[in-house]
Amino acid sequence: MTQLLFILLDQQTQEEGGSAWSGMIMILAMIVIFYFFMIRPQSKKQKALKKEREALKKGDKIVTAGGIHGRIKSVKEHQFMMEIAPGVVIEIDKASVFAEPVAQGQGAAKDSKQADNAKDSKEDAGAVLEEAGGKAAE
């Protein structure tokens with residue numbers, strides 16, 4: 001059976017001028033491209049997230065995957081004890097921690113920029129309306 005396969009492959013390469021090898025090269029190139037553009041960056045992100053989780057300590061502010069904000073009370077091997085309100089402590093898995101909350105100063109700066117942009121766009125819209133109103137009156 002294997003001899004028949006080799007004979008058929010040999011005939012195909014002789015007829016098509018080596019297209020079997022070019023097909024194999026294309027498949028290998030696709031695998032390499034997938035590795036560098038998809039698999040490798042994802043594994044880097046996972047390693048960085050794991051390092052961040054391991055670096056968390058008592059007193060750090062965290063956000064869970066479910067959106068619960070709190071402060072770490074104690075650290076266990078696979079869990080955190082997280083205080084979400086004064087006197088309310090819950091136990092969460094380390095894998096469910098995805099982010100540290102944005103600092104107040106950074107969030108306020110973003111909000112003020114957005115407010116300035118909205119104000120500018122309203123002023124521009126008002127000026128356009130005034131121009132259109134003036135042209136319509138003439």
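Residue indices begin at 1 and follow the sequence shown. When reading the values below, keep in mind they use all heavy atoms of this one structure, side chains included, and skip hydrogens, waters and symmetry mates.
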Inset, instruction - Working to the nearest 0.5 Å, report the span between NZ of Lys61 and CD1 of Ile72. - result: 12.5 Å
Inset, instruction - Answer whether the closest heavy-atom distance between the side chains of Gln42 and Met38 falls below 4.5 Å. - result: no
Legend entry - Nearest-0.5 Å distance, NE2 of residue His78 to CZ of residue Arg53: 13.0 Å
Inset, instruction - Say whether, by atom type as modelled, one donor and one acceptor occur between the side chain of Lys94 and the main chain of Lys76 under 3.5 angstrom. - result: yes
Inset, instruction - Supply the members, apart from Phe36, of the Ile/Leu/Val/Met/Phe/Trp/Tyr cluster built from side-chain contacts under 4.5 Å; use none for a lone residue. - result: Val32, Tyr35, Ile39
Legend entry - Hydrophobic cluster identity match, Met81 and Ile68, side-chain contacts under 4.5 Å: no
Legend entry - Linked, directly or transitively: Phe34 and Leu28 (ILVMFWY side chains, under 4.5 Å): no
Legend entry - Glu54 side chain near Lys50 side chain, heavy-atom distance below 4.5 Å: yes
Legend entry - Same apolar cluster: Val75 and Val89, side chain cutoff 4.5 Å: no
Legend entry - Heavy-atom pair of closest approach, residues Thr64 and Met82: CG2-CE, 3.8 Å
Legend entry - Closest non-hydrogen atom pair between Ser96 and Asp93, with its separation: OG-O, 2.8 Å
Inset, instruction - With the side chain counted from C-beta on, respond yes when Ile92 and Ile62 share a heavy-atom pair under 4.5 Å apart, and no when they do not. - result: yes
